[in-house]
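Read the structure below first, then the notes.
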Amino acid sequence: QVQLVESGGGAVQAGGSLRLSCEASGDTYSSACMGWFRQAPGKEREGVAAISRGGGSPYYADSVKGRFTISRDNAKNTIYLQMNSLKPDDTAIYYCAAEAAAYCSGTYPPIYEYSYSGQGTQVTVSS
């Protein structure tokens, strides 16, 4: 079992930045692959970014490439999502997710289908 706790959400104006954090506890083997997905009202879930334990070649959705950066501190069992140049379309609840997979493709399985996910943190971007 893995427990995931997100933090760092909030409200910002368009063009601003936020940094989300997600700390994992429990069976760290099952959190080899970690990532973020989001869900906005009336929209489908969207995988945002994923990173493997080794940190190489993270996955990013096209909608966030060049603006978001995912990183990982294995000593703290924590991942981060640095979000810059935020847009109103980024408004959503952001969820941390974890999967016992050595390779984080981000699409197979989709991040929002990972075995474990947190409670979510709200991100609101105003224009």
Side-chain angles (χ1 to χ4, degrees):
Q1 291 290 325
V2 176
Q3 293 77 45
L4 302 170
V5 178
E6 304 100 334
S7 61
V12 295
Q13 291 189 328
S17 298
L18 283 173
R19 188 194 196 206
L20 306 183
S21 300
C22 172
E23 182 176 2
S25 60
D27 179 7
T28 55
Y29 171 80
S30 295
S31 60
C33 181
M34 295 183 69
W36 298 90
F37 68 92
R38 65 188 180 184
Q39 184 157 32
K43 295 185 178 180
E44 295 185 351
R45 293 172 298 177
E46 179 187 20
V48 175
I51 188 167
S52 65
R53 189 180 302 281
S57 300
Y59 163 85
Y60 293 100
D62 288 343
S63 57
V64 306
K65 281 181 181 176
R67 301 187 298 121
F68 291 10
T69 302
I70 189 170
S71 60
R72 182 167 187 156
D73 185 338
N74 290 326
K76 296 181 179 180
N77 293 323
T78 300
I79 64 169
Y80 306 94
L81 187 68
Q82 178 65 43
M83 305 185 294
N84 297 330
S85 302
L86 283 161
K87 306 174 182 180
D89 282 350
D90 295 318
T91 295
I93 299 175
Y94 283 71
Y95 298 88
C96 177
E99 180 62 65
Y103 178 61
C104 300
S105 72
T107 55
Y108 187 77
I111 300 169
Y112 48 80
E113 292 185 1
Y114 284 6
S115 297
Y116 303 97
S117 60
Q119 293 299 307
T121 185
Q122 177 71 47
V123 171
T124 302
V125 185
S126 59
S127 58

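All values below come from the heavy atoms of this structure, side chains included, with hydrogens, waters and symmetry mates left out. The residues of the chain are indexed from 1 along the displayed sequence.
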**Study point:** Single-linkage hydrophobic cluster Val12~Val123, side-chain heavy atoms < 4.5 angstrom
**Key:** yes

Review point. Counting distance only, does the side-chain N/O of Gln119 pair as donor-acceptor with the main-chain N or O of Glu6 below 3.5 Å?
Key: no

Check your understanding: What about Phe37 and Leu86, same hydrophobic cluster or not, with Ile/Leu/Val/Met/Phe/Trp/Tyr joined at side-chain heavy-atom distances under 4.5 Å?
Key -> no

Practice item. Kindly indicate whether the side chain of Trp36, heavy atoms from C-beta on, has any atom under 4.5 Å from the side chain of Cys22. Key: yes

Exercise for review: Report yes if some heavy atom in the side chain of Arg53 is under 4.5 Å from a heavy atom in the side chain of Asn74; otherwise report no.
Suggested key: yes

Check your understanding: Is the side chain of Ser52 donor-acceptor paired with the backbone N or O of Tyr103 at a distance under 3.5 Å, no angle test?
Key -> no

**Study point:** Flag side-chain contact, heavy atom, 4.5 Å: Met34 against Ile70
**Key:** no

Check your understanding: Passes side chain to side chain donor-acceptor pair (under 3.5 Å), Ser115 versus Glu99? Steps please.
Key -> CA-CA 5 Å; Ser115 297; Glu99 180 62 65; 3.0 Å; yes

Review point. Are Phe68 and Tyr59 connected in the hydrophobic side-chain network, where two residues link if heavy atoms are under 4.5 Å apart?
Key: no

Exercise for review: Locate the shortest heavy-atom distance separating Arg38 from Tyr94; write the atom from each residue and the value.
Suggested key: NH1-OH, 2.8 Å

Review point. Any side-chain heavy atom of Leu4 sitting closer than 4.5 Å to one from Tyr95?
Key: no

Review point. Can you check whether Tyr112 reaches Val48 side chain to side chain, under 4.5 Å on heavy atoms?
Key: no

Check your understanding: Going by heavy atoms in the side chains, are Glu23 and Thr78 under 4.5 Å from each other?
Key -> yes

Check your understanding: Is any side-chain heavy atom of Pro109 less than 4.5 Å from a side-chain heavy atom of Tyr114?
Key -> yes

Exercise for review: Report yes or no: does Arg67 contribute a side-chain atom to a donor-acceptor pair with the main-chain N or O of Ser85 at less than 3.5 Å?
Suggested key: yes

Review point. Should Ile93 and Gln39 count as side-chain neighbours, where that means a heavy-atom distance under 4.5 Å?
Key: no

Check your understanding: Are the charged groups of Lys87 and Asp90 less than 4.0 angstrom apart, N to O?
Key -> no

